[in-house]
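Scope of the values below: all heavy atoms of this structure, side chains included, with no hydrogens, waters or symmetry mates. The chain is numbered in sequence order, starting from 1.
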Amino acid sequence: MSFLIYIPIGLSAVIGLFLTANAADTGMYVHGLIFVIASILAGFFVIKKSFDRPAHEGPLPGEDFEYCDGVIRAGLIASTFWGVVGFLVGVIIASQLAFPVLNFDLPWTNFGRLRPLHTSAVIFAFGGNVLIMTSFYVVQRTCRARLAGDYAPWFVFWGYQLFIVLAATGYLLGVTQSKEYAEPEWYVDLWLTIVWVTYLLVFLATLWKRKEPHIYVANWFYLAFIITIAMLHLVNNLAVPVSFAGTKSYIYWSGVQDALIQWWYGHNAVGFFLTAGFLGIMYYFIPKQAERPVYSYRLSIVHFWSLIFLYIWVGSHHLHYTALPDWAQTLGMTFSIMLWMPSWGGMINGLMTLSGAWDKLRTDPVLRILVISVAFYGMSTFEGPLMSIKAVNALSHYTDWTVGHVHSGALGWVGMVSFGAIYFLVPKLWYRQRLYSLAMVSWHFWLATLGIVLYASAMWVSGIMQGLMWRAYDSLGFLEYSFAETVEAMHPFYVIRIFGGVLYLLGGLVMAYNVYRTIKGEQREERAIGVPVSATAQG
């Protein structure tokens, strides 16, 4: 079987050479070379893996098998790395908006190319790696079964990293199909489809051979995320390439149909990639860290089925006051408002899991990070339906209010729950007694929280002011403010946003350092959090 693995590797190398030799543009030439290099590295990886001994030999206590944790360790390192990269690029583009001179004259350093690099790095590189890593960890532990396949999980991991590199380099080279959260061109989309189908098969096969009769609720959320994202990706990215040796393609959909398909995809990328998948993290890691059972398992099932049924309908609320038929706009708004119920039911379930363990928030900064992520989830899922109401949307849409909303959810919910999962997993995956420093986790918590508050509040104020200035008329019925005047008024808030982003980036760097020292097996000497110094001295 190990020899058969070289066939697809060799085939991919040949395809890469063909694309490089016949490239119709610079983007395809560079990506063909990347594909060749990746194929060569994959060959060396398979050879090395064939001779390597597993990092943990023999079954774990109480088990008759060993878990496949090597790929999860790699995913954790990749998640940490891509998180710092994404936060850094975010600070750079925020600085470019406040100080346009920072765009420089180079085409690949301007805001237009760096902005999709930032969104993809944070959502797909950081968030995607966290989801793949945690889903592989959770499905094994809750099913008491080793990950299906030998090379397949590793193909999912490395194939996904290749997708990230192809997408990122494409943005810098100007290779994009100009669709929000779906910028990569046709051949990168094809590669991601292969990787994602393999991911689905690995997850399903692991569930199939489970030794636990019950499928834990976190796995339902992960499965919904994987299947729905596959469907969204395929439909939204249907395209006809101009040439098989060139990057350019034309989307199958056109006009208002393209807009509807795009935001059916775009909002459900939020709903299933950034919500359902990370709810799987919440339902496993908060009970584990709090050492308490889920508050209501029945509520978690209601949360799951109502969320996945309602969320798929809400994308049209991005198209209020457009050419989309009014009934479709109203449908999206109605389902968005209905989402208040399951979203807040899930938030309450996560927070109430701490019943009887609230005192741990004083001494456990990892649990503190996980809990505040659920609080931000509740806030964002209240604000989102509110902004979908047509009267509110008339003020908020196309303004920085939307930017503040997105980042309160992305940094507060997605970022914080990811940090909590990483901190939980590092000692377990590397068999350490504890993290290198809990005090540094506490510092990370405060840096990230203050960064989010500054960022989101600045954008809320800027956005509402922006919307009000746009709709202000003088006594003669003319617009009272020019567009340039609104930009000038927003400048102080853009500077505040930079500062908030810098704090969040510093928190990410603190986490990366803590993870690095923990992997090395080091432990910092420090007093327990929440214990007075006098009590420590007496002890």
Side-chain angles (χ1 to χ4, degrees), residues 25-31 34 81-126 164-185 188 247-248 266 397-408 410-411 415 451-452 454-463 465-467 469-470 481-506 508-509:
D25 49 60
T26 304
M28 186 60 81
Y29 178 78
V30 172
H31 284 167
I34 292 174
F81 170 76
W82 288 120
V84 172
V85 170
F87 307 150
L88 175 61
V89 179
V91 170
I92 292 172
I93 63 173
S95 303
Q96 289 178 332
L97 283 176
F99 307 103
V101 69
L102 296 177
N103 282 266
F104 304 114
D105 293 327
L106 301 173
W108 52 84
T109 60
N110 63 44
F111 178 86
R113 294 194 181 182
L114 291 181
R115 191 266 177 181
L117 181 68
H118 162 64
T119 54
S120 290
V122 174
I123 297 172
F124 299 114
F126 172 62
I164 293 167
V165 171
L166 291 172
T169 52
Y171 303 152
L172 296 179
L173 293 167
V175 178
T176 173
Q177 61 179 359
S178 304
K179 291 174 75 72
E180 183 75 353
Y181 308 138
E183 287 91 350
E185 270 288 1
V188 183
T247 57
K248 179 63 180 172
H397 207 42
Y398 308 117
T399 72
D400 288 335
W401 186 353
T402 304
V403 179
H405 165 64
V406 167
H407 281 80
S408 68
L411 303 181
I452 298 165
L454 286 173
Y455 191 116
S457 58
M459 290 298 97
W460 287 328
V461 174
S462 171
M465 177 189 69
Q466 185 182 14
M469 291 178 74
W470 284 352
Y481 302 100
S482 68
F483 183 79
E485 286 176 307
T486 67
V487 174
E488 182 183 8
M490 294 186 297
H491 183 264
F493 303 103
Y494 278 31
V495 175
I496 295 172
R497 169 167 66 177
I498 296 170
F499 186 56
V502 168
L503 290 178
Y504 202 85
L505 171 62
L506 289 175
L509 290 170

Run Val403 and Tyr455 through side chain to side chain contact (heavy atoms under 4.5 Å, CB included) and show every step you take. CA-CA 9 Å; Val403 179; Tyr455 191 116; 3.9 Å; yes
Whether [X] side chain and [Y] backbone form a donor-acceptor pair below 3.5 Å:
X	Y	result
Gln177	Pro184	yes
Asn110	Asn103	no
Gln96	Thr109	yes
Ser462	Ala458	no
Thr169	Leu166	yes
His491	Ala98	yes

Taking all non-hydrogen atoms of both residues into account, name the closest pair between [X] and [Y] and its distance.
X	Y	value
Ala489	Met469	CB-SD, 3.9 Å
Met459	Tyr494	CE-CD1, 3.9 Å
Tyr504	Gly415	OH-CA, 3.4 Å
Tyr398	Thr402	N-OG1, 4.4 Å
Asp400	Gln466	N-OE1, 2.9 Å
Met28	Thr247	N-CG2, 3.4 Å

Between Ile164 and Trp82, does the side chain to side chain contact (heavy atoms under 4.5 Å, CB included) criterion hold? Intermediate values first, please. CA-CA 10 Å; Ile164 293 167; Trp82 288 120; 3.7 Å; yes
To the nearest 0.5 Å, how far apart are [atom1] in [X] and [atom2] in [Y]?
X	Y	atom1	atom2	value
Tyr481	Trp470	OH	CH2	14.5 Å
Thr399	His405	OG1	NE2	11.5 Å
Arg497	Leu454	CZ	CG	13.0 Å

So if I apply the side-chain contact (heavy atoms from CB on, under 4.5 Å) rule between Ser95 and each of Leu97, Val91, Ile92, which one comes out positive? Val91
All side chain to side chain contact (heavy atoms under 4.5 Å, CB included) counterparts of Leu173, not counting sequence neighbours: Val30, Val175
Set out, in order, the CA-CA distance, both residues' side-chain angles and the distance that settles side chain to side chain contact (heavy atoms under 4.5 Å, CB included) for Val502 and Leu505, then state yes or no. CA-CA 5 Å; Val502 168; Leu505 171 62; 5.5 Å; no
Partners of Glu180 by salt bridge (charged side-chain N to carboxylate O under 4.0 Å, His left out), sequence neighbours excluded? Arg115
Neighbour count >12 (heavy atoms, 6.0 Å) for atom CZ, Phe111: yes
Show, in sequence, the C-alpha distance, side-chain angles and deciding distance for Trp108 and Tyr171, and conclude whether the side chain to side chain contact (heavy atoms under 4.5 Å, CB included) test is met. CA-CA 8 Å; Trp108 52 84; Tyr171 303 152; over 6 Å; no
Could you pull out every donor-acceptor pair under 3.5 Å between side chains of residues 83-90 and any protein atom, sequence neighbours left out?
none

